[in-house]
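Everything quoted here is computed from the prediction, not taken from an experiment. Position 1 is the first residue of the sequence, and the numbers go up from there. All values below come from the heavy atoms of this structure, side chains included, with hydrogens, waters and symmetry mates left out.
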Amino acid sequence: DVSFYCLLFFYFRSSGINAEYGGLRFDDWYYNQNNDSDVATALHRMDDIDLQLRNFRGIRASQLAIERMIAPEEERWGDLTDEVRYVKPWVEQVKAENAEADAWDHY
């Protein structure tokens with residue numbers, strides 16, 4: 001599991017989206033609601049303030065990329081070990097509920 005996150009961390013740092021300097025957090029970059037319906041359901045269940053902050057970071061990162069600027073040091077993404085995974089618990093809950101529903105459907 002640690003090696004998987006190290007690989008993701010390497011890809012995150014070397015990706016062309018320049019998320020590290022755009023102020024995105026790891027969960028902003030990793031969990032995309034357009035590609036996974038479980039993530040979309042999880043984002044609807046999140047607290048409103050966390051969702052608003054996620055949207056703000058995405059818009060700000062896009063604006064910084066357009067202007068070819070770098071986010072201030074205090075807004076940049078930190079170390080992977082210090083990152084708070086704020087979307088992951090919600091996604092895991094939705095996936096567990098879907099797995100339970102599938103188990104009941106195939107009982």
Can you give the donor-acceptor pairs under 3.5 Å from side chains of residues 51-62 to other protein atoms, not counting sequence neighbours?
{"from": "Gln52", "atom 1": "NE2", "to": "Asp48", "atom 2": "OD2", "distance (Å)": "2.9"}
{"from": "Arg54", "atom 1": "NH1", "to": "Asp27", "atom 2": "O", "distance (Å)": "3.2"}
{"from": "Arg54", "atom 1": "NH2", "to": "Tyr31", "atom 2": "O", "distance (Å)": "2.6"}
{"from": "Arg54", "atom 1": "NH2", "to": "Gln33", "atom 2": "OE1", "distance (Å)": "3.3"}
{"from": "Asn55", "atom 1": "ND2", "to": "Leu51", "atom 2": "O", "distance (Å)": "3.4"}
{"from": "Arg57", "atom 1": "NE", "to": "Asp28", "atom 2": "OD2", "distance (Å)": "2.5"}
{"from": "Arg57", "atom 1": "NH2", "to": "Asp28", "atom 2": "OD1", "distance (Å)": "3.2"}
{"from": "Arg57", "atom 1": "NH2", "to": "Asp28", "atom 2": "OD2", "distance (Å)": "3.3"}
{"from": "Arg57", "atom 1": "NH2", "to": "Tyr86", "atom 2": "OH", "distance (Å)": "3.1"}
{"from": "Arg60", "atom 1": "NE", "to": "Glu75", "atom 2": "OE1", "distance (Å)": "2.9"}
{"from": "Arg60", "atom 1": "NH2", "to": "Glu75", "atom 2": "OE1", "distance (Å)": "3.2"}
{"from": "Ser62", "atom 1": "OG", "to": "Gly58", "atom 2": "O", "distance (Å)": "3.0"}

Establish whether Trp90 and Val39 are linked, either directly or via other cluster members, by ILVMFWY side-chain heavy-atom contacts under 4.5 Å. yes
Listed once per pair and sorted, the salt bridge (Lys or Arg N to Asp or Glu O under 4.0 Å) pairs that draw on residues 37-47, sequence neighbours left out: Arg45-Glu97
List in chain and number order the residues that pass ring-ring contact (aromatic ring centres under 6.0 Å, His included) with Tyr30, two or more places apart in sequence or in another chain; answer none if no residue qualifies. Phe26
Residues passing the side chain to side chain donor-acceptor pair (under 3.5 Å) test with Glu92, sequence neighbours excluded, are none
Are Val87 and Trp29 connected in the hydrophobic side-chain network, where two residues link if heavy atoms are under 4.5 Å apart? yes
If you apply the rule side-chain contact (heavy atoms from CB on, under 4.5 Å), what do you find for Asp36 with Lys95, and how did you get there? CA-CA 11 Å; Asp36 191 356; Lys95 288 186 179 194; 4.0 Å; yes
Donor-acceptor list for residues 100-107 side chains, cut-off 3.5 Å, not counting sequence neighbours:
{"from": "His106", "atom 1": "ND1", "to": "Asp102", "atom 2": "O", "distance (Å)": "2.8"}

Can you name the side-chain contact (heavy atoms from CB on, under 4.5 Å) partners of Asn34, sequence neighbours left out? Asn32
